[in-house]
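Keep in mind that this is a model prediction, so the values were computed, not measured. The sequence lines fix the lettering, A, B, ..., with proteins before strands; numbering per chain opens at 1.
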2 protein chains.
Amino acid sequence: MEARAPRPGVPVRGSASGRPVMAALDLLGRRWTMRILWELSHAPAGFRELQRRCERMSSSVLSTRLDDLTAARLAALHDDGYRLTPLGRDLVEALAPLSAWSRRWAEEMGDAPPSDQP
Amino acid sequence: MEARAPRPGVPVRGSASGRPVMAALDLLGRRWTMRILWELSHAPAGFRELQRRCERMSSSVLSTRLDDLTAARLAALHDDGYRLTPLGRDLVEALAPLSAWSRRWAEEMGDAPPSDQP
DNA sequence: CCCTTGCGCTTCGCTTATCGAAGCATCATA
DNA sequence: TATGATGCTTCGATAAGCGAAGCGCAAGGG
């Protein structure tokens, strides 16, 4: 472990206020964080399997992200690999509408291509 | 404008599949993206005001993020500044449960300090 | 006993993203 | 004409992310 993981109530990158939602935006705005939560919500996974599921994620970043998530109490390492905590499951649940939204987004972007790609 | 903004249906950082939700995770996983959406959802804002609202955000990154969001059709520049599009407003709405979740998170983290800070 | 295989990570040199002070062109008001 | 606001760019410096290699450990053959 090394760098400070964002925690509510404490100033984070981009916000001195310590407002919980800002800590959340900091944590989730780090690369791979949401993807890892996403994958873990489907099924628990060990380090190496998680890496396989997130194609191209570097082991070093996976390691620090798992530290982040562990410090934030959203995930924890068990005998069968990393699992979301109840809090982590709630977060994924809060993020769930993203999936439906992204399909709407895809539709709307599909209609009129943004000036490249034939 | 310069780099490719993530779009659904096209391979993005961390996923070759083009699944819409992966494009969304890529876009939202870039620093400041969600924060900007958050701020714009409260009120439209011009470039410099937006920068003021997002304390410490560098102008160069704000510029590229606004390009990203514009290319993704989530925001657009009007006479009175940047505004969310209807699609952008939907996204913020999909993200709204985060706020409530983060308060629960704050409670749970407040209970037992994570082994530093007296 | 090795020997291989899988595990959870770490290390480290390289590339990319982000930072932030400075500046540019433009418009409005004084 | 000068002052201050706007929307951005530029560019050198720092931080974050990358990925191949490797470490120490444990389990399962041969």
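Of the side-chain N and O atoms in A:R65, one or more sit less than 4.0 angstrom from OP1 or OP2 of D:dG17. The side chain of A:R31 contributes an N or O atom lying less than 4.0 Å from OP1 or OP2 of D:dC18. In this model, the phosphate group of C:dT10 is approached by a side-chain N or O of A:S63 to a distance below 4.0 Å at OP1 or OP2. B:W32 has a side-chain polar atom (N or O) that falls below the 4.0 Å cut-off from OP1 or OP2 of C:dC19.
Side-chain proximity of B:R56 to the nucleotides D:dC18, C:dG8, C:dG20 is greatest for C:dG20. Comparing C:dG8, D:dC18, C:dC19 by their nearest atom to the side chain of A:S58 picks out D:dC18. Checking C:dG8, C:dT11, D:dT10 against every side-chain atom of A:S60, the shortest atom distance belongs to C:dT11. Distances from the side chain of B:S59 to the nucleotides C:dA22, D:dG19, D:dG7 place C:dA22 closest. Taking only side-chain atoms of A:R52, from C-beta outward, the nucleotide of C:dC7, C:dG20, D:dC18 with the closest atom is C:dC7.
Between the side chain of A:R65 and the backbone N or O of A:R31, at least one donor-acceptor pair lies under 3.5 Å. Looking only at distances, a side-chain donor or acceptor of A:T85 sits under 3.5 Å from a matching main-chain atom of A:R73.
Taking atom NE2 of A:H78 as the reference point, atom P of C:dC7 lies 18 Å away to the nearest angstrom. Counting to the nearest Å, the C1' atom of D:dC18 and the CZ atom of A:R35 are 16 Å from each other. Atom C1' of nucleotide D:dG4 and atom CZ of B:F47 are separated by 18 Å, given to the nearest angstrom. Computed from coordinates, the B:L66 CG to D:dT9 P distance equals 10 Å when rounded to whole Å. As a whole-Å value, the separation of B:D80 CG from D:dT6 P is 14 Å. B:D26 places its CG atom 13 Å from the P atom of D:dG17, with the value rounded to the nearest Å. Separating the CG atom of A:D79 from the P atom of D:dA27 is a distance of 12 Å, rounded to the nearest angstrom. Put simply, CG on A:D67 is 15 Å from C1' on D:dG17, counting in whole angstrom units.
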Can you give one letter per nucleotide of nucleotides 23-30 of chain C, 5' to 3': B if a protein heavy atom sits under 4.0 Å from the base, S if only from the sugar-phosphate, - if neither? --------
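Under the salt bridge (charged side-chain N to carboxylate O under 4.0 Å, His left out) criterion, A:E93 pairs with no residue at all, not counting sequence neighbours. By the side-chain contact (heavy atoms from CB on, under 4.5 Å) test, B:A72 is found to be paired with A:W105, B:L27, B:L74, residues two or more places apart in sequence or in another chain being considered. Applying the side-chain contact (heavy atoms from CB on, under 4.5 Å) rule to A:A45 yields the partners A:L40, A:E49, A:L50, A:R53; only residues at least two apart in sequence or on another chain are considered. Taking B:S59 as the reference, nothing meets the side-chain hydrogen bond (donor to acceptor under 3.5 Å, both in side chains) condition, with sequence neighbours excluded. With sequence neighbours left out, the salt bridge (charged side-chain N to carboxylate O under 4.0 Å, His left out) criterion links B:R103 to no other residue.
Across A:Q51 and A:S58, no two heavy atoms sit closer than the pair NE2-C, 4.0 Å.
Within 4.0 Å (heavy atoms only), B:L62 reaches no atom of the nucleic acid at all.
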